[in-house]
Amino acid sequence: MKETPRSAEAIREHIAGARRIVVKVGSSSLTTLDGGLDESRLVALTDVLAAHRGRGREIILVSSGAIAAGLEPMGLRRRPKDLATQQAAAGVGQGLLMAAYARALSYHGLVPGQVLLSADDLIRRTHYRNAQRAIDRLLSLGTLPIVNENDAVATEEIRFGDNDRLAALVAHLTHADALVLLSDVDALYTGPPQLDDSERIAHVTGPGALDAVAIGGVGTAGTGTGGMATKVEAALMVADSGIPAVLTSADRITAALTGEDVGTWFSVTHRRRGTRLLWLRHLAKTHGAVTIDRGAEAAVLSRGTSLLAAGVTAVDGEFEAGDPVEIRNLDGVVIARGMTNFSSSELPSMLGFSTDELGTRLGSDYRKEVIHRNDLVLTHVSGRG
């Protein structure tokens with residue numbers, strides 16, 4: 001990438017020439033109104049992806065649909081609400097979904113490569129490298145990697161929640177040049193798309209550009225978990241890590257991949273972040289919070305320093321060392337998130353003391369930061385972040 005594309009025209013040109021692209025398709029774009037897998041839609045999608053793969057572009061597909069594919073064989077009429085039945089449906093449906101992709105891609109001489117990921121695979125460095133190498137190798141061998149969340153074993157605590165967020169992390173993981181998010185709606189609108197006064201939002205320059213837009217869940221098939229809000233969140237997430245994105249409908253994928261003026265395009269808003277910081281900023285479930293004084297706030301926001309116990313004034317919630325926590329200022333505003341080195345039971349006795357004083361009073365294990373700057377990421381405060 002020679003320069004960061006910011007205008008809508010530059011983003012479209014960039015994606016039209018992108019070598020490595022992550023494409024995410026949701027269940028609503030692959031299923032019938034009854035909720036079963038619609039192979040004609042799947043074939044239409046793979047025809048386009050195979051054509052671009054044949055032109056030398058590297059395509060990584062993040063595909064939902066495993067649970068939907070498992071509904072009919074299990075005699076289920078609608079997507080189950082409880083996690084255990086979702087896991088069972090995914091266990092049945094994932095193989096059926098991959099078999100459908102294998103059939104469709106075989107007409108183009110392509111082989112799909114299944115990659116099932118959990119949140120741990122993308123936030124733990126060792127797992128992250130393994131996943132990265134696996135996808136890179138699949139691409140180098142000429143296959144088309146198809147990624148899905150490992151729904152059959154994912155728990156509520158560690159799951160991505162939807163494949164939009166997973167796609168954003170996969171784009172980051174694989175150093176993709178662009179992310180294409182496919183839905184059953186052709187773009188983001190200023191209101192419900194079916195209303196005459198709703199207008200297409202063609203270009204999003206950053207989160208602030210959507211402050212006046214009410215983004216609700218939209219969709220028709222009823223088998224997916226992510227509405228429009230999660231797709232916008234995923235697009236903003238990759239834009240926050242240096243990757244442009246486009247959001248459009250599955251039937252307009254050719255237009256999107258060739259840079260036509262369809263859908264909604266998202267400008268890059270930040271240089272590439274570390275994967276753990278990207279997860280921490282956008283996805284991590286926090287277990288508590290620490291409140292800091294004005295001096296510590298200025299140091300964290302302006303100078304990029306670590307958070308020391310001397311600047312912490314209060315501790316809220318229950319958490320263990322290594323848990324993600326919010327960092328709040330004296331006004332109660334969350335200014336950052338970080339991975340704490342101490343539990344909520346340890347911190348109260350440490351407040352107000354310098355690192356050297358803590359080492360003398362409590363031992364050498366306490367002569368360190370509450371949150372190291374490498375484990376801390378700013379959130380949006382007064383345009384910062």
Side-chain angles (χ1 to χ4, degrees), residues 4-18 21-31 33 41 44-45 48 62 64 161-165 167-168 171 177-270 282 380 382-383 385:
T4 302
R6 296 194 181 278
S7 70
E9 293 78 11
I11 298 170
R12 293 200 300 270
E13 182 179 346
H14 173 89
I15 291 183
I21 303 172
V22 171
V23 176
K24 185 269 174 180
V25 62
S27 295
S28 61
S29 300
L30 295 175
T31 54
L33 290 177
R41 291 187 176 190
L45 172 66
V48 175
V62 177
S64 301
D162 61 76
N163 274 348
D164 298 312
R165 296 182 180 93
D177 299 314
L179 171 64
V180 178
L181 294 162
L182 302 178
S183 176
D184 51 356
V185 179
D186 67 330
L188 179 62
Y189 285 83
T190 55
Q194 66 271 21
L195 299 183
D196 292 337
D197 60 349
S198 294
E199 298 180 359
R200 175 173 75 103
I201 300 173
H203 183 209
V204 176
T205 56
L210 299 176
D211 286 346
V213 181
I215 303 170
V218 292
T220 57
T223 54
T225 58
M228 186 59 73
T230 65
K231 291 168 180 57
V232 170
E233 181 183 355
L236 292 173
M237 183 175 165
V238 292
D240 186 45
S241 190
I243 302 171
V246 58
L247 188 163
T248 192
S249 55
D251 59 359
R252 298 194 177 188
I253 181 174
T254 297
L257 289 174
T258 54
E260 295 182 31
D261 187 11
V262 298
T264 300
W265 304 79
F266 291 78
S267 291
V268 167
T269 56
H270 195 280
H282 294 278
H380 289 282
S382 300

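Atoms considered below: every heavy atom in the structure, side chains included; atoms not considered: hydrogens, waters and symmetry mates. The chain is numbered in sequence order, starting from 1.
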Would you say the side-chain atoms of Arg41 pair up with the backbone N or O of Thr31, donor to acceptor, closer than 3.5 Å?
-> yes
So, do Pro192 and Ser198 sit near enough that their side-chain heavy atoms are less than 4.5 Å apart?
-> yes
For the residue pair Ser249 and Leu182, what are the closest heavy atoms and their distance?
-> O-CD2, 3.7 Å
Under 3.5 Å: donor-acceptor pair, side chain of Thr248, backbone of Asp186 | yes
Between Val180, Leu179, Asp177, which is the residue that forms a side chain to side chain contact (heavy atoms under 4.5 Å, CB included) with Val22?
-> Leu179
Spacing of Met228 atom CE and Leu181 atom CG [to the nearest 0.5 Å] | 9.5 Å
Is there a side-chain contact between Val185 and Lys231, using heavy atoms and a 4.5 Å cut-off?
-> no
CG-NE2 distance between Asp261 and His203, expressed to the nearest 0.5 angstrom | 11.0 Å
So do Arg252 and Val246 actually touch side chain to side chain, heavy atoms under 4.5 Å?
-> no
Chi angles and distances behind the side-chain contact (heavy atoms from CB on, under 4.5 Å) call for Leu236, Val232 | CA-CA 6 Å; Leu236 292 173; Val232 170; 3.9 Å; yes
Tightest non-hydrogen contact, residues Thr264 and Ile201, listed as OG1-O, 2.6 Å
Closest approach of Trp265 to Glu260 (non-hydrogen atoms, all atoms of both residues) | CZ2-O, 3.1 Å
Output the distance between atom CG (Asp196) and atom CD (Gln194), rounded to the nearest 0.5 Å.
-> 10.0 Å
Sub-3.5 Å donor-acceptor pair from the side chain of Thr190 to the main-chain atoms of Glu199, do we have one?
-> yes
For side-chain contact (heavy atoms from CB on, under 4.5 Å), just list the numbers for Glu233 and Asp164, CA-CA rounded to whole Å, side-chain angles, deciding distance to a tenth of an Å, and then say yes or no.
-> CA-CA 8 Å; Glu233 181 183 355; Asp164 298 312; over 6 Å; no
Look only at the side chain of Ser241 and the backbone of Val238, and say whether a donor-acceptor pair between them is shorter than 3.5 Å.
-> no
Please test Ile253 against Leu45 for side-chain contact (heavy atoms from CB on, under 4.5 Å), starting from the C-alpha separation and ending with a verdict.
-> CA-CA 8 Å; Ile253 181 174; Leu45 172 66; 3.7 Å; yes
For residues Val262 and Arg200, report the shortest heavy-atom separation together with the two atoms involved.
-> C-NH1, 3.6 Å
Between Ser267 and Ala239 the two heavy atoms that sit nearest each other are O-CB, 3.1 Å
Partners passing side chain to side chain donor-acceptor pair (under 3.5 Å) against Ser64 (at least two apart in sequence or in another chain) | Asn163
Nearest heavy-atom pair of Asp184 and Ser29: which atoms, and what distance?
-> N-OG, 3.8 Å
